[in-house]
Novice: 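Here's a structure for you.
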2 protein chains.
Amino acid sequence: MRPKDFEKEEAIRSIALRIIAEEGLENLSMQKLAKEANISPRTIYIKYENKEDLLIKLFIDEVLGNYEKAVLEGFEETMNFEEGVRKIWLNTFKYFKSNRQSYILMQYGKSSPLLNKAFKERNINEGDFFAPVHRFLKRNIKNGTIKSFPIGVLRALLFAPLLDLSNEYFEYKERPKQIITEKVLSDCCDAIIEGIKL
Amino acid sequence: MRPKDFEKEEAIRSIALRIIAEEGLENLSMQKLAKEANISPRTIYIKYENKEDLLIKLFIDEVLGNYEKAVLEGFEETMNFEEGVRKIWLNTFKYFKSNRQSYILMQYGKSSPLLNKAFKERNINEGDFFAPVHRFLKRNIKNGTIKSFPIGVLRALLFAPLLDLSNEYFEYKERPKQIITEKVLSDCCDAIIEGIKL
DNA sequence: TTAGTAAGTAAACGTTTGTTTACTATTAAA
DNA sequence: TTTAATAGTAAACAAACGTTTACTTACTAA
């Protein structure tokens with residue numbers, strides 16, 4: 001049996017992500033994707049059932065998976081609250097900083113009816129990702145270290161501004177005076193921690 | 001001269017928004033839009049140059065415009081810091097609560113290459129929206145009421161969690177126990193204000 | 001009352017869409 | 001060296017795409 005060519009599989013994924021991020025999902029077609037990857041359209045259908053299947057697997061495996069891995073690098077749920085939150089903040093910002101594609105796809109995931117549908121069908125909920133962070137937060141509530149908000153609310157308060165800050169970084173990237181310096185980022189993190197601690 | 005039928009114009013806009021929010025931008029076609037609005041495709045081209053023009057005007061006028069109006073209702077830039085921030089929080093949440101479509105389109109706007117391109121071409125920047133809020137924030141920095149972050153950073157810290165909280169509200173809407181109660185929302189607002197005040 | 005004009009329609013334009021058919025290439029196992 | 005099976009290709013399919021052409025309708029100003 002002829003073995004799969006994993007280089008082709010990788011090409012399909014990376015080129016698809018590039019087109020979505022740079023030209024928008026509405027401009028991703030199977031034929032365009034095949035052409036840019038130098039393969040026949042049929043080859044995509046060997047690896048994915050159809051376009052919807054491709055998009056969903058792309059998002060769950062590549063976007064969410066890589067994001068989670070980058071964010072949790074070096075994070076231990078036994079860290080103290082300040083240390084843990086700061087670690088996640090720096091990891092997240094570092095990841096998006098060198099990876100604008102992921103930022104765009106992440107935002108896209110929040111609004112896409114297709115992906116929301118897929119998540120419901122597969123019974124995937126947000127708690128399945130970042131489980132160590134959730135346990136970390138729960139422990140710190142029990143400890144009495146932080147205010148007792150529902151997990152989803154804590155996640156919003158602690159990490160939602162990060163996506164906007166990453167975007168702010170891109171907006172001003174070409175300008176002479178960088179706005180999101182390490183100091184600003186660190187001060188932001190402090191401000192948020194301050195408001196959430198008991 | 002035969003006058004424009006404004007009901008048709010309104011139908012085009014509201015149906016287009018519905019399709020984008022419920023089925024995704026990739027499923028909005030001019031023919032589908034015309035069919036659902038009970039008009040000829042040609043009629044859309046009387047009111048908009050092409051599909052891109054329709055999408056951009058739709059987003060700037062309907063989505064951003066209505067959002068700004070709802071958020072600023074009853075807000076005065078002379079309010080004191082806590083009062084002003086709380087007003088915006090409650091307005092925003094109330095708006096998204098009864099208007100999930102806008103939430104989805106708002107998120108879409110953040111990721112869409114098409115809209116980002118349009119903003120650059122037209123020299124629209126975020127400062128053009130919510131000017132009263134920006135002046136309000138600047139005054140409170142000068143006052144020494146709050147920490148001296150760049151405006152874009154303050155905006156992220158103060159208002160970014162709101163979008164996620166609105167989504168959290170939807171996620172749990174059908175469940176017996178509501179998570180985002182008025183009390184939780186108010187406590188969140190307090191926590192953020194606490195971290196930002198000097 | 002009528003002439004002029006923009007609004008609107010029905011139907012079609014050439015392209016591109018997602019996907020499939022019919023075929024060839026490449027490899028592991030027998 | 002042959003066999004069986006999957007990977008991959010080139011070309012095509014009907015359907016849908018954005019947009020336009022040719023025409024009709026409805027109203028205003030003269």
Novice: Would you please name every residue forming a salt bridge (charged side-chain N to carboxylate O under 4.0 Å, His left out) with Glu68(A), sequence neighbours left out?
Specialist: none
Novice: Salt bridge (Lys or Arg N to Asp or Glu O under 4.0 Å): which pairs involve residues 48-60 of chain A, sequence neighbours left out?
Specialist: Glu52(A)-Lys117(A), Asp53(A)-Lys57(A)
Novice: Taking only residues two or more places apart in sequence, or in another chain, which ones meet Phe59(A) in a ring-ring contact (aromatic ring centres under 6.0 Å, His included)?
Specialist: none
Novice: Can you pull out how bent the helix from dT1(C)-dA30(D) to dA30(C)-dT1(D) is, comparing the axes over its first five and last five pairs, to 10°?
Specialist: 10°
Novice: Quick one: list whatever passes salt bridge (charged side-chain N to carboxylate O under 4.0 Å, His left out) with Glu62(A), sequence neighbours left out.
Specialist: Arg13(A)
Novice: Output every pair passing salt bridge (Lys or Arg N to Asp or Glu O under 4.0 Å) with a member in residues 138-148 of chain A, not counting sequence neighbours, ordered by first then second residue.
Specialist: Lys147(A)-Glu194(B)
Novice: Listed by chain and number, what are the salt bridge (charged side-chain N to carboxylate O under 4.0 Å, His left out) partners of Lys87(B), not counting sequence neighbours?
Specialist: none
Novice: Where along residues 52-61 of chain A does a heavy atom come under 4.0 Å from DNA chain D, residue by residue in number order?
Specialist: none
Novice: Kindly write out the residues that satisfy side chain to side chain contact (heavy atoms under 4.5 Å, CB included) with Glu73(A), not counting sequence neighbours, or none if the list is empty.
Specialist: Asn91(A)
Novice: Taking protein heavy atoms under 4.0 Å as touching, what does nucleotides 5-16 of chain D look like 5' to 3' if B marks base contact, S marks sugar-phosphate-only contact and - marks none?
Specialist: BBBBBB-B----
Novice: Could you list all the salt bridge (Lys or Arg N to Asp or Glu O under 4.0 Å) pairs where at least one residue sits in residues 148-160 of chain A, not counting sequence neighbours?
Specialist: Glu126(A)-Arg155(A), Arg155(A)-Glu168(B)
Novice: Identify, with sequence neighbours excluded, every residue that meets salt bridge (charged side-chain N to carboxylate O under 4.0 Å, His left out) alongside Arg86(B).
Specialist: Asp190(B)
